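The structure appears below as C-alpha cells.
Read the numbers this way: they start at 1 and go in the same order the structure lists the ligands and their atoms. Predicted, not measured: the structure shown is a model, and the values here were computed from it. What's counted below: heavy atoms across the whole structure, side chains too, no hydrogens, waters or symmetry copies.
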Amino acid sequence: MILGSEFKARARDAAGYIFDMDGTIALGDSKSGGHRALPHAIAVLEALRATGKPYVVFTNGTAKPPAAYANSLRNAGFPVDDRQMLTPSSSAAIWLGKAGLSKVRVLGNAGCAAPLVDAGLEVVGPSEEAEGVQAVYTGWFREFDFNALEAACHSLWNGARLVTASNVPFFATENGRAIGASFPINAMLTAMTRKRPRILGKPSKVAFDTAMSIMGLPRSAASGVVVVGDDPALEMRMANAAGAVSIGLATGVMARDVELPEKDRPTVLLNDLAPLLDAL
Ligand SMILES: [Mg+2]
C-alpha cells in the first residue's frame with residue numbers, strides 16, 4: 001500500500017490509465033440501458049484528456065459492441081472516443097486471430113460477436129450447425145438455451161478450444177449486483193466437456209496487452225500504468241500480474257473489510273475518485 005505524496009506522484013507521472021466501467025466510473029441502469037457517471041469520474045477523464053495522457057475504458061461486459069458503450073458513456077458526459085473503449089471481444093478478436101482460430105462459435109449476442117466479425121473471423125451462431133469449429137467463445141448471452149449448450153458441446157468434443165470473455169459471477173449495476181452471463185454457461189460447458197475456459201477479457205494478460213497497444217505504450221511501460229477498478233479478481237489481479245499500479249474503488253463489488261489475497265490487493269484503496277482527481 002502506498003500513501004499520500006507517493007500516490008500523488010505515481011498518479012501524476014503515470015504513462016497511461018486503464019479504467020473499468022461498471023462500478024468504477026459509471027453504473028449501468030438496466031431499465032434505461034444507459035449509464036450514470038459516478039462522482040468525479042468525468043472530471044478525472046477530462047483531466048487526463050487535457051494533459052494528453054493516454055487512457056482507455058475496458059469493461060468486461062460484452063452485451064454491446066465497444067462503440068455502443070462509448071456512445072453510452074459520451075451520453076453520460078464522458079470524454080471517450082470509440083477507439084478508447086474496449087470489451088473482452090476486442091482482445092478476443094486479436095488473440096483468436098493470432099492463434100489461427102478463425103472459425104468461432106460465439107455463445108453471445110450480436111454485440112459480443114461484433115468485434116470478431118469486424119476482425120474478419122468466421123463467426124458461427126450459438127446453435128448453428130457447423131463443421132470445423134476451432135473455438136467456442138462465451139460472453140453476454142441471456143438467450144442461452146439447450147440447443148446452444150448441445151451445439152457448443154459438440155464443437156468442444158470435436159476439438160474446439162473453449163475461450164471466454166469473462167469468468168466472474170457478478171458485476172455492479174445501479175440496481176445491485178447482476179449475474180455475469182458467461183460464468184454459469186462456462187460452468188455447464190466445463191461440467192460436460194472437462195475443458196476449462198481460457199479468459200480473454202480481464203484479468204488476462206491478453207486484455208492488458210490489448211489496452212497497452214491501443215494506448216500506444218510498449219510492454220516495458222507497464223510499471224508506469226495505472227489500472228482503476230472495483231473488482232479485485234478483475235482489475236486488481238490484472239494490474240498486479242502485469243506489474244502496474246492498481247487503484248481499487250470501494251464503489252462497486254470491492255468491500256473494505258474483506259482481507260484479499262496478495263495477488264488481488266490494490267496498491268491503493270479509495271472510497272471514491274476525489275483523491276485521484278486531486279493528484280491529477
Ligand atoms: Mg466493475
Side-chain angles (χ1 to χ4, degrees), residues 17-30 32-42 44-45 55-64 66 68-70 72-73 76 78 80 84-92 111-112 139-140 142 164-184 186 199-204 206-208 210-211 225-242 244-256 258 260-261 263-274 276:
Y17 275 81
I18 303 171
F19 292 92
D20 169 47
M21 184 172 74
D22 295 306
T24 297
I25 61 166
L27 282 174
D29 183 349
S30 58
S32 73
H35 281 94
R36 180 175 63 81
L38 284 165
H40 315 295
I42 294 171
V44 165
L45 267 61
Y55 62 93
V56 293
V57 178
F58 199 131
T59 179
N60 244 25
T62 49
K64 298 174 185 174
Y69 284 124
S72 181
L73 288 176
F78 286 98
V80 177
Q84 291 175 291
M85 186 73 223
L86 300 170
T87 78
S89 293
S90 313
S91 42
C112 177
W140 186 250
R142 290 180 64 104
T164 187
S166 181
N167 204 36
V168 290
F170 303 112
F171 64 98
T173 77
E174 185 118 72
N175 313 302
R177 68 181 194 182
I179 295 175
S182 44
F183 184 87
N186 292 335
I199 299 161
L200 299 178
K202 295 178 294 189
S204 73
V206 181
F208 185 81
T210 300
V225 166
V226 177
V227 181
V228 188
D230 71 301
D231 193 328
L234 294 180
E235 296 87 33
M236 304 303 103
R237 190 175 298 178
M238 178 176 79
N240 295 342
V245 178
S246 50
I247 296 182
L249 280 170
T251 45
V253 298
M254 188 148 13
R256 266 203 178 272
V258 176
L260 295 166
K263 65 179 174 152
D264 294 348
R265 221 172 283 162
T267 316
V268 184
L269 182 60
L270 303 177
N271 282 325
D272 59 41
L273 289 166
L276 178 58

Problem - Heteroatom test (N, O or S) for E235 near the Mg ion (ligand 1), limit 2.8 Å - result: no
Exercise for the section: Kindly indicate whether the side chain of R177, heavy atoms from C-beta on, has any atom under 4.5 Å from the side chain of F171. Expected result: no
Handout entry: Among T59, D231, D230, side-chain hydrogen bond (donor to acceptor under 3.5 Å, both in side chains) partner for T24
Key = D230
Practice task
Kindly indicate whether the side chain of M236, heavy atoms from C-beta on, has any atom under 4.5 Å from the side chain of R265.
Solution key: no
Completion exercise
For the Mg ion (ligand 1), the nearest N/O/S atom on D20 is atom OD2
Fill in the blank from the handout: In this structure, the Mg ion (ligand 1) sits at the vertex of an angle between O of D22 and OD1 of D230 that rounds to 10° as 90°
Handout entry: No-hydrogen, no-angle side-chain donor-acceptor test under 3.5 Å, S90 and T210
Key = no
